[in-house]
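In this text the structure is predicted, and so the values were computed from the model without any measurement.
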Amino acid sequence: MSTPFPFTAVVGQDDLRLALLLNAVSPAVGGVLVRGEKGTAKSTAVRALSALLPEVPVVPGCRFSCDPARPDPGCPDGPHEPGAGAERPARMVELPVGASEDRLVGALDIERALSEGVKSFEPGLLADAHRGILYVDEVNLLHDHLVDLLLDAAAMGASYVEREGVSVRHASKFLLVGTMNPEEGELRPQLLDRFGLTVEVAASREPDQRVEVVRRRLAYDDDPAGFAARWADDEADLRQRIVAARELLPSVRLGDGALRQIAATCAAFEVDGMRADIVMARTATALAAWAGRTDVLAEDVRQAALLALPHRRRRNPFDAPGLDEDKLDETLEEFAGDENQNESESDEDPDPDGPGGGGGQPPSEPDGPDGPDGSRGGDTGAQPEAEESGRPQAPGAGEQQPVRASEPFRTKVLSVPGLGEGAAGRRSRARTEHGRTTGARRPRGALTKLHLAATVHAAAPHQRTRGRSGPGLVVRRDDLRQATREGREGNLVLFVVDASGSMAARQRMSAVKGAVLSLLLDAYQRRDKVGLVTFRGSAAEVALPPTSSVDAAAVRLESLPTGGRTPLAAGLLKAHEVLRVERLRDPARRALVVVVTDGRATDGGAARSASGRGDGRAAGGTEPVALAGRAARLFAAEGVASVVVDCESGHVRLGLAGQLAGELGATAVTLDELRADSIAGLVRDVQGGSQGGSKRRAA
């Protein structure tokens, strides 16, 4: 077994270390979500935590880690008689992003269950994590059906495996710790709320601290055991402090004054539900125990709010997590009460690094304590700033400053026709592991979803030749049938946005950005990948390569400048190239192209050069229009599902977007028609259009 990086050797990251330690003191806090950029010691700190946890008493031989003092009466390995048990180190179980359902919840031997009536069960990761840590790296990339199973187990403290009337249940209570890079996509609100605390981490910008990070990491890589030995005393002290805080925790008093502050804070920040209040109360209590106190003070409530509320304040996926600390302080001061505001007590000075001080902060070493990271968590939720405003323009491009998007709205569902086999999501029909049963087939590999009727039908003709003599059905492995199911998949939604001068009227561009933002919100909810291609001046560019982070797309869209000519053909060809590359990376994921334009084409740009034309025809003549038509027909020839959002406005309309939709084999809809409450049958139109029967909507 490899030697983990010592927890006390992690440099900086005070908020991260504190959140993990509070969960070690009180697992009821509910776990930690660690958000931050890559290379900031997220995984290193989490893996180091397990070595600090006290050993767990278990029933000898029980695969489900039952507590010998209170054994689970429904344990599949039971029943167990109360008594002495053995102790083992607390486990940290890692859930891989690509894990199967059977690996998570366990596998039931269906063949033995049908033929012998025996519940032969192989425990999964939820059983292994019972009374320990369940760690999910890149939790935002976890498949939806695994997230659902995780939510159920976290809520009920138990895992259920049911297959065709045969069920197994076992206890599964664990500390849930997840890490994620926000650039790769956000979490569903339901899963966000399941994490008790959240912290933002970022690499330090201080040269001295970065030097110390590198120094410690190199020393650890050269001699892990020797490096760990140098920190053994600090680890032992911290482990003892956790034990002391756990013992003190039941004696901590949460007064009415602190409870009023907690309730007022959650109300002031308009968090949904009551889980935030409960988590704050448990966190404030754990902070007091960690500091060696038996009373919860206002400073504990404030620190608890900073850890428990930021991820619960998001009203939509584009809101960056965070808390207005001035508003927090005002609320705490307004509802301060004498019972928890004993100034003389809080001013008495315990040693800041001792058990009674530091406002609940973890101990710090003189040099700051690492892992491949470095600093106290800062705000890393912000995506990299888009740099569109600095891009060179063609002469006379007339670039205008970016305008803000109008208020987003609920859009009608856009979907890809046919039946796909892509990643699980919520947009288009697909063959999936979950959904309604549509048929049966022989299993390829391990059986996951039994089709009982088909299995019985396959086994029935062979009962006499197999020597059946009793009431039981003689079932062989060749008889088993896998249920085929139909559900929903996520798609690649590629936005092709016209940012030329013809779209540059401020009110109009604001409406366009609002429409694209609305579609991005829809893509977030349906678990799609998104990409953004823009065109203006004389060229097109990939403003955002396909990604699971709709946040990043929203940031790029917000800073998108406008002006210049309209190289429509170049934009379409750039989108076609993006799709070609993406098919090589992920062949199963189908694409939906959303072209946002008024249909005008006033510049052939790179598309004219690529076609070999160099005759110098006028940019506003028929050449750009013809090139755009040729580029559009590439999509139609390949059967790419497309929608044209017609942004043309004014009393006199040319209907060019409708013509473009005809070339694409797509549907044309106006900005107003895109709203869910004002357009009917859009899904039917998209499906028909992508198959060549375009329904044009020229004004």
Novice: When you look at CD of Glu55, are more than 12 heavy atoms from neighbouring residues, nucleotides or ligands closer to it than 6.0 Å?
Specialist: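 Count over threshold, so yes.
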Novice: Just so I know, are the side chains of Glu200 and Pro310 near enough to count as touching, which here means a heavy-atom distance under 4.5 Å?
Specialist: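 Heavy-atom side-chain distance check fails, nothing below 4.5 Å.
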Novice: Might you point out which heavy atoms bring Gly196 and His311 nearest each other, and give the distance in Å?
Specialist: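 Scanning both residues completely, I find the closest heavy atoms to be O-CE1, 3.7 Å.
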Novice: Looking at Asp72 and Arg169, is there a salt bridge between them, counting it only when a charged N and a carboxylate O are closer than 4.0 Å?
Specialist: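 Asp72 and Arg169: salt-bridged.
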Novice: Where do Leu238 and Leu21 land on the side chain to side chain contact (heavy atoms under 4.5 Å, CB included) test, with the steps shown first?
Specialist: CA-CA 9 Å; Leu238 190 57; Leu21 289 170; 4.1 Å; yes
Novice: Between Thr198 (side chain only) and Leu33 (backbone N and O only), is there a donor and an acceptor less than 3.5 Å apart?
Specialist: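 Checking the backbone N and O of Leu33 against the side chain of Thr198, a donor-acceptor pair under 3.5 Å is found.
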Novice: To the nearest 0.5 Å, how far apart are CG in Asp300 and CD in Gln261?
Specialist: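 The CG atom of Asp300 sits 10.0 Å away from the CD atom of Gln261.
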Novice: How many angstroms lie between NE2 in His451 and CG in Leu480, if you round to the nearest 0.5 Å?
Specialist: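 With rounding to 0.5 Å, NE2 (His451) is 13.0 Å from CG (Leu480).
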Novice: Does the Arg246 side chain pair with the main chain of Ala289, one donor and one acceptor, at a distance under 3.5 Å?
Specialist: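 It does not hold such a pair.
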Novice: Do NZ/NE/NH1/NH2 and the carboxylate oxygens of Arg302 and Glu299 come within less than 4.0 Å?
Specialist: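 A salt bridge is absent here (no side-chain N lies under 4.0 Å from a carboxylate O).
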Novice: With the side chain counted from C-beta on, respond yes when Leu306 and Leu328 share a heavy-atom pair under 4.5 Å apart, and no when they do not.
Specialist: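 When only atoms from C-beta onward are counted, Leu328 and Leu306 do touch, with a gap below 4.5 Å.
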Novice: What's the verdict on side chain to side chain contact (heavy atoms under 4.5 Å, CB included) for Val139 and Leu176, showing C-alpha distance, side-chain angles and the deciding distance?
Specialist: CA-CA 11 Å; Val139 63; Leu176 181 61; over 6 Å; no
Novice: Does Val25 form a side chain to side chain contact (heavy atoms under 4.5 Å, CB included) with Leu248? I'd like the steps, not just the answer.
Specialist: CA-CA 10 Å; Val25 170; Leu248 181 63; over 6 Å; no
Novice: Can you tell me how far the CD atom of Gln303 sits from the CG atom of Leu18, to the nearest 0.5 Å?
Specialist: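 If I round to the nearest 0.5 Å, the distance is 5.5 Å.
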Novice: Using a 6.0 Å cut-off, check whether atom CZ of Arg275 has over 12 heavy atoms from anything other than its own residue.
Specialist: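 It does: Arg275 CZ has more than 12 such atoms within range.
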Novice: Is there a donor-acceptor pair under 3.5 Å between the side chain of Arg481 and the backbone N or O of Ala454?
Specialist: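 Absent.
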Novice: If you define the side chain from C-beta out and look only at heavy atoms, does anything of Arg91 sit under 4.5 Å from Ser65?
Specialist: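 Heavy-atom side-chain distance check passes, below 4.5 Å.
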Novice: Working to the nearest 0.5 Å, report the span between CG of Leu125 and CG of Leu95.
Specialist: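 If I round to the nearest 0.5 Å, the distance is 6.0 Å.
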Novice: Donor-acceptor pair, distance only, cut-off 3.5 Å: does the side chain of Arg426 make one with the backbone of Arg527?
Specialist: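 Side chain of Arg426 to backbone of Arg527: no pair is present.
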Novice: How many angstroms lie between atom CG of Asp152 and atom CG of Leu126, to the nearest 0.5 angstrom?
Specialist: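 Going from CG on Asp152 over to CG on Leu126, the span is 10.0 Å.
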Novice: To check you understand the geometry: which heavy-atom pair defines the closest contact between Leu307 and Asp15, and what is its length?
Specialist: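 Distance-wise, the nearest heavy atoms are CD2-O, 4.5 Å.
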Novice: Which atom names give the shortest non-hydrogen contact between Val161 and Gly106, and what distance separates them?
Specialist: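 Where Val161 meets Gly106 most closely, the heavy atoms are CG1-O, 4.3 Å.
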Novice: Give a yes or no on whether Asp233 atom CG has more than 12 heavy-atom contacts from other residues, nucleotides or ligands under 6.0 Å away.
Specialist: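 Result for CG/Asp233: open.
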Novice: Locate the shortest heavy-atom distance separating Pro123 from Ala127; write the atom from each residue and the value.
Specialist: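 Looks like CB-CB, 3.7 Å.
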Novice: Assess the side chains of Thr179 and Tyr135: does a donor N or O sit below 3.5 Å from an acceptor N or O?
Specialist: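 Note: Thr179 and Tyr135 side chains meet the donor-acceptor criterion.
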Novice: Considering only heavy atoms from C-beta outward, does the side chain of Leu142 approach that of Leu150 to under 4.5 Å?
Specialist: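 Yes, close enough: below the 4.5 Å cut-off.
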Novice: Taking all non-hydrogen atoms of both residues into account, name the closest pair between Ala202 and Gln13 and its distance.
Specialist: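 Smallest interatomic distance, heavy atoms only, reads O-NE2, 3.7 Å.
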Novice: Is any side-chain heavy atom of Leu49 less than 4.5 Å from a side-chain heavy atom of Asn23?
Specialist: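 Not in contact.
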Novice: Assess whether a salt bridge exists between Asp237 and Arg241, defined as any Lys/Arg side-chain N lying under 4.0 Å from an Asp/Glu carboxylate O.
Specialist: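 Not counted as a salt bridge, because no side-chain N and carboxylate O are separated by less than 4.0 Å.
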Novice: Under a 4.5 Å cut-off applied to non-hydrogen side-chain atoms, are Arg217 and Thr44 in contact?
Specialist: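 Arg217 vs Thr44: side chains touch.
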Novice: Side chains of Asp479 and Thr455: do they bring a donor and an acceptor to under 3.5 Å?
Specialist: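 Side-chain D/A pair, Asp479 to Thr455: absent.
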Novice: With a 4.5 Å cut-off on side-chain heavy atoms, are Leu197 and Val199 touching?
Specialist: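 No - every pair of side-chain heavy atoms lies 4.5 Å or more apart.
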Novice: I'd like to check the ring-ring contact (aromatic ring centres under 6.0 Å, His included) partners of Phe64; sequence neighbours left out, ordered by chain and number.
Specialist: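 Only His170 meet the ring-ring contact (aromatic ring centres under 6.0 Å, His included) criterion with Phe64.
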Novice: Between Ala90 and Pro54, what is the shortest heavy-atom contact and its length?
Specialist: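 Here Ala90 and Pro54 meet closest at CB-O, 3.9 Å.
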Novice: Hey, are the side chains of Phe7 and Asp234 touching, using non-hydrogen atoms and a 4.5 Å cut-off?
Specialist: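 SC-SC contact between Phe7 and Asp234 ruled out.
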Novice: Taking Thr40 as the fixed residue, which of Leu16, Val201, Val213 is the one that meets the side chain to side chain contact (heavy atoms under 4.5 Å, CB included) rule?
Specialist: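 The residue from Leu16, Val201, Val213 that satisfies side chain to side chain contact (heavy atoms under 4.5 Å, CB included) with Thr40 turns out to be Val201.
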Novice: Can a salt bridge be assigned to the pair Arg312 and Asp193 using a cut-off of 4.0 Å between side-chain N and carboxylate O?
Specialist: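 Answer for the salt bridge query: yes.
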Novice: Checking the side chain of Arg239 only, and the main-chain atoms of Ala51 only, is there a donor and an acceptor separated by less than 3.5 Å?
Specialist: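 Yes; at least one donor-acceptor contact below 3.5 Å.
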Novice: Between Arg253 and Thr294, is a side chain to side chain contact (heavy atoms under 4.5 Å, CB included) present by the stated rule, with each step listed?
Specialist: CA-CA 6 Å; Arg253 174 180 172 271; Thr294 56; 5.9 Å; no
Novice: Quick one: OH on Tyr220 to OG1 on Thr3, what's the gap to the nearest 0.5 Å?
Specialist: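 It is 6.0 Å, given to the nearest 0.5 Å.
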Novice: Is it true that a side-chain atom of Arg466 and a backbone atom of Val474 form a donor plus acceptor pair closer than 3.5 Å?
Specialist: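 Yes.
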